[in-house]
Amino acid sequence: SPAKLIEDHANARRLAEGLAELRGVAIEVEKVRTNIVIFDITGTGLTTAEFSAHLKAQGVLANGISLREMRMVTHYDVSPEAIERALAVMREIVNR
């Protein structure tokens with residue numbers, strides 16, 4: 001539904017803003033206009049495969065789309081609380 005889509009986009013925006021605060025993560029927040037969030041993890045010193053594996057171990061799903069870039073999608077079953085949890089997990093990973 002359109003209402004759910006607006007919520008997905010708000011979640012994606014929050015995710016993008018949270019990612020922008022993480023050490024070693026680069027993202028152009030203003031380019032996030034849909035429920036797809038793409039970000040660069042080069043500065044973390046981790047590969048996208050390593051980052052994905054660390055996330056998956058904590059129940060957070062993200063795909064590496066290149067050696068540097070990760071992709072996350074917010075959709076109807078992702079709550080604002082899930083976004084905050086994902087950001088907390090990623091904060092822990094980049095600060096190791």
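These numbers come from the heavy atoms of this one structure, side chains and all, not from hydrogens, waters or symmetry mates. For this chain, numbers begin at 1 and follow the sequence in order. Remember, it's a predicted structure, so these values are computed and weren't measured experimentally.
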Closest heavy-atom pair, A20 versus V29, reported as atoms and distance to 0.1 Å, is CB-CG2, 3.8 Å
Consider only side-chain N and O atoms of H75 and D77, and report whether a donor and an acceptor are under 3.5 Å apart.
yes
Is it true that the side chains of R33 and H9 contain a donor and an acceptor less than 3.5 Å apart?
no
Measuring only between side-chain heavy atoms, which start at C-beta, is M72 closer than 4.5 Å to V60?
yes
Between V89 and I27, is there a shared hydrophobic cluster once you connect ILVMFWY residues whose side-chain heavy atoms come closer than 4.5 Å?
yes
Does any N or O in the side chain of N35 come within less than 3.5 Å of the main-chain N or O of A12, such that one atom is a donor and the other an acceptor?
no
Would L46 and H54 satisfy side chain to side chain contact (heavy atoms under 4.5 Å, CB included), going step by step from the backbone distance to the final call?
CA-CA 10 Å; L46 294 166; H54 289 309; 4.3 Å; yes
Sole candidate of I83, L15, N11 that passes side chain to side chain contact (heavy atoms under 4.5 Å, CB included) when paired with V37
L15
Could you tell me which non-hydrogen atom of L87 sits nearest to which non-hydrogen atom of R14, and how far apart they are?
CD1-NH2, 3.7 Å
Sub-4.5 Å side-chain heavy-atom contact between F39 and M90
yes
Between CD of E17 and CD of E30, what distance do you get to the nearest 0.5 Å?
10.5 Å
A side-chain contact here means heavy atoms from C-beta on lying under 4.5 Å apart; do R68 and I41 qualify?
no
Give, for atom OG1 of T42 and atom CG of L67, the distance between the pair rounded to the nearest 0.5 Å.
9.0 Å
Checking the side chain of T48 only, and the main-chain atoms of S66 only, is there a donor and an acceptor separated by less than 3.5 Å?
yes
E81/R85 under salt bridge (charged side-chain N to carboxylate O under 4.0 Å, His left out): CA gap, chis, key distance, verdict:
CA-CA 6 Å; E81 295 75 28; R85 185 178 172 279; over 6 Å; no
Are any side-chain N or O atoms of S52 and backbone N or O atoms of A49, one a donor and one an acceptor, separated by less than 3.5 Å?
no
Closest contact, heavy atoms only, G64 versus M70
CA-SD, 3.9 Å
Determine the sole option in L61, I93, N63 for which the side chain to side chain contact (heavy atoms under 4.5 Å, CB included) test with L55 is passed.
I93
Min side-chain heavy-atom separation D8-V78 under 4.5 Å
no
Answer yes or no: is there a side-chain heavy-atom contact under 4.5 Å between L19 and E21?
no
A quick test of your reading: do over 12 heavy atoms of other residues, nucleotides or ligands sit less than 6.0 Å from CD1 of I36?
yes
